[in-house]
Number of protein chains: 2
Amino acid sequence: MERNKSPKRMGRPRSFDIDRALDRALVVFWRKGYEGASLSDLTKAVGVNRPSLYAAFGDKEALFRKALDRYLKGPAAYTQEALREPTARAVVERLLLAAADLNTARRNPGGCLMVQGALACGDAADSIRQELTACRAAGEAAMRRRFERAKSEGDLPPNVKPADLARYIATVLYGMAVQAAGGVGRSKLHRVVEMALRTLPM
Amino acid sequence: MERNKSPKRMGRPRSFDIDRALDRALVVFWRKGYEGASLSDLTKAVGVNRPSLYAAFGDKEALFRKALDRYLKGPAAYTQEALREPTARAVVERLLLAAADLNTARRNPGGCLMVQGALACGDAADSIRQELTACRAAGEAAMRRRFERAKSEGDLPPNVKPADLARYIATVLYGMAVQAAGGVGRSKLHRVVEMALRTLPM
DNA sequence: CAATATCTGTACCGATAGGTATGGTAGAGG
DNA sequence: CCTCTACCATACCTATCGGTACAGATATTG
């Protein structure tokens with residue numbers, strides 16, 4: 001329906017930028033979670049009236065999914081890049097450090113949208129909770145595959161299972177997100193990363 | 001006002017047990033979080049009408065605080081006990097294992113109330129969020145003090161700072177809570193614990 | 001220019017949120 | 001026994017929730 005934004009379309013043109021709006025909405029969801037972010041919060045942050053939001057993105061759930069998508073392709077894209085590091089240890093190092101930085105970047109809310117977006121919620125938000133759970137599982141699976149490759153390259157000790165390592169690293173990532181959501185700052189998270197790295201089995 | 005429950009009081013006696021009610025409410029808050037748990041959810045789970053709930057516990061916020069208190073003194077009391085283990089390693093081991101078990105106990109919701117009770121939320125729930133944040137910080141501080149004692153007993157390597165170790169262990173605990181909230185089961189969490197223990201600096 | 005298509009702003013919708021007034025009810029004190 | 005007190009149940013309150021109808025505004029199309 002409203003696919004293109006460069007080709008001239010008929011009718012009154014949209015008075016705001018879709019991606020900017022999505023960024024604003026993202027920040028609200030990030031800070032307050034899916035349930036805690038009201039439509040009034042969102043419209044106020046975006047600077048657009050309610051019907052315009054609905055026309056552009058659909059209902060609240062659709063808006064969240066689009067914001068999540070933008071989160072994954074924007075702030076959280078470091079995960080993809082980190083997996084391209086040459087060694088398993090370098091992957092982990094970069095992953096943890098980038099996460100620590102993202103979770104505590106001053107210009108956006110503390111923590112991680114995939115964790116605090118909808119960790120426990122009412123029935124109405126349950127599909128969002130499931131989506132975020134799936135998202136986290138997908139990230140973990142990507143790590144596991146990367147570690148499987150590392151294993152095949154002799155880059156991992158024989159007593160370390162890729163799936164276990166991936167789950168462990170994911171656990172540290174989620175834990176850091178909780179810490180950051182509670183206001184723990186970057187330097188402290190860096191020391192967590194240091195501890196995690198120091199104790200790595202490779 | 002309604003302090004005692006054993007001394008016979010005047011008037012019609014309460015038709016439900018305060019602690020049982022609190023347990024039921026706790027489960028709802030645990031599963032849905034503070035915001036996601038509606039009064040209707042709570043009254044339905046407790047099996048009591050709304051005014052009775054208000055008379056017994058005060059408003060929703062007060063009810064949550066009482067449920068949290070019960071959580072800390074009940075299911076989460078393992079934390080206190082674990083700190084009494086003789087060595088730092090034993091403390092950590094017991095803490096992580098007990099947390100893994102509590103987070104995945106079949107008879108209650110997955111995860112940890114202190115984490116998913118209100119990690120990110122709207123303004124109305126912010127005081128609860130702060131309380132939970134403070135709760136987590138308190139637990140972390142207790143660990144830190146325990147590790148300081150360990151250090152003074154020569155039970156910790158010289159290059160390990162008690163505060164850093166405590167924060168790291170707390171991070172793993174929170175991460176496990178997120179995993180469990182997403183449905184990860186006990187055996188997988190046990191492998192996370194195994195990884196964490198294997199890589200411990202002592 | 002008109003005709004048409006899309007967006008904006010106001011004002012509103014029903015449903016539900018948390019919270020409470022009120023009148024009936026059950027037990028203790030006298 | 002009656003009274004007094006506290007609790008129970010229904011029914012209701014206001015505020016806000018997510019979502020939308022409608023009319024005016026602004027652009028392209030012909």
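Remember, it's a predicted structure, so these values are computed and weren't measured experimentally. Within every chain, numbering begins at 1; the chains are lettered A, B, ... in the order of the sequence lines, protein sequences first and strands thereafter.
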message = Let me confirm one number: the CG-CZ distance from Leu200(B) to Arg89(B), rounded to the nearest 0.5 Å.
response =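 Answer rounded to 0.5 Å: 5.5 Å.
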ask   = How many angstroms lie between CG in Leu165(B) and OG1 in Thr199(A), if you round to the nearest 0.5 Å?
value =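 Rounded to the nearest 0.5 Å, the CG-OG1 separation comes to 10.0 Å.
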message = Looking at dC7(C), I'd like to know if its phosphate oxygens (OP1 or OP2) sit under 4.0 Å from a side-chain N or O belonging to Ser15(A).
response =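 No, no such contact exists.
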task = Determine: side-chain N/O of Ser52(B) to OP1/OP2 of dC7(D), distance under 4.0 Å, yes or no.
result =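 Checking dC7(D) against Ser52(B), no side-chain N or O comes under 4.0 Å of OP1 or OP2.
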key: Ser38(A)/Asp41(A) under side-chain hydrogen bond (donor to acceptor under 3.5 Å, both in side chains): CA gap, chis, key distance, verdict   = CA-CA 5 Å; Ser38(A) 73; Asp41(A) 291 331; 3.2 Å; yes
inquiry  = So for atom CZ, which belongs to Arg24(A), do other residues, nucleotides or ligands contribute more than 12 heavy atoms lying within a distance under 6.0 Å?
reply    =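 Open: at most 12 neighbouring heavy atoms sit under 6.0 Å from CZ of Arg24(A).
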request  = For Lys161(A), look at atom NZ and say whether over 12 heavy atoms of other residues, nucleotides or ligands are found less than 6.0 Å away.
outcome  =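 It does not: Lys161(A) NZ has 12 such atoms or fewer within range.
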Global bending angle along the helix from dC1(C)-dG30(D) to dA28(C)-dT3(D), which compares the axes of five pairs at either end, to 10 degrees =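 Answer for the end axes of this duplex: 10°.
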Are any protein N/O atoms closer than 3.5 Å to N/O atoms in nucleotides 15-17 of chain C? If there are, list each pair with its distance.
none

Length of the [atom1]-[atom2] vector between [X] and [N], whole Å:
{"X": "Leu42(A)", "N": "dG18(D)", "atom1": "CG", "atom2": "P", "result": "8 Å"}
{"X": "Asn49(B)", "N": "dG19(C)", "atom1": "CG", "atom2": "C1'", "result": "14 Å"}
{"X": "Asp123(A)", "N": "dC17(D)", "atom1": "CG", "atom2": "P", "result": "19 Å"}
{"X": "Leu63(A)", "N": "dG18(D)", "atom1": "CG", "atom2": "P", "result": "11 Å"}
{"X": "Tyr54(B)", "N": "dA9(D)", "atom1": "OH", "atom2": "P", "result": "17 Å"}
{"X": "Lys44(A)", "N": "dC17(D)", "atom1": "NZ", "atom2": "P", "result": "12 Å"}
{"X": "Arg14(B)", "N": "dA26(C)", "atom1": "CZ", "atom2": "C1'", "result": "14 Å"}
{"X": "Phe57(A)", "N": "dC7(C)", "atom1": "CZ", "atom2": "P", "result": "11 Å"}

inquiry  = Ignoring hydrogens and geometry beyond distance, is a side-chain donor-acceptor pair present between Arg50(B) and Ser40(B) at under 3.5 Å?
reply    =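 Arg50(B) vs Ser40(B): donor-acceptor pair found between side chains.
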Filtered N/O pairs between nucleotides 26-30 of chain D and protein, under 3.5 Å:
residue	atom	partner	partner atom	Å
dT26(D)	O2	Arg12(A)	N	3.3

Hey, is [X] close enough to [Y] for a salt bridge, meaning N to O under 4.0 Å?
{"X": "Lys151(B)", "Y": "Asp155(B)", "result": "no"}
{"X": "Glu85(B)", "Y": "Arg146(B)", "result": "no"}
{"X": "Glu140(B)", "Y": "Arg144(B)", "result": "no"}
{"X": "Arg167(B)", "Y": "Asp164(B)", "result": "yes"}

ask   = Among Phe64(A), Trp30(A), Tyr78(A), whose ring pair (Phe, Tyr, Trp, His ring centres under 6.0 Å) with Tyr71(A) holds?
value =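 Per the ring pair (Phe, Tyr, Trp, His ring centres under 6.0 Å) rule, the option paired with Tyr71(A) is Trp30(A), out of Phe64(A), Trp30(A), Tyr78(A).
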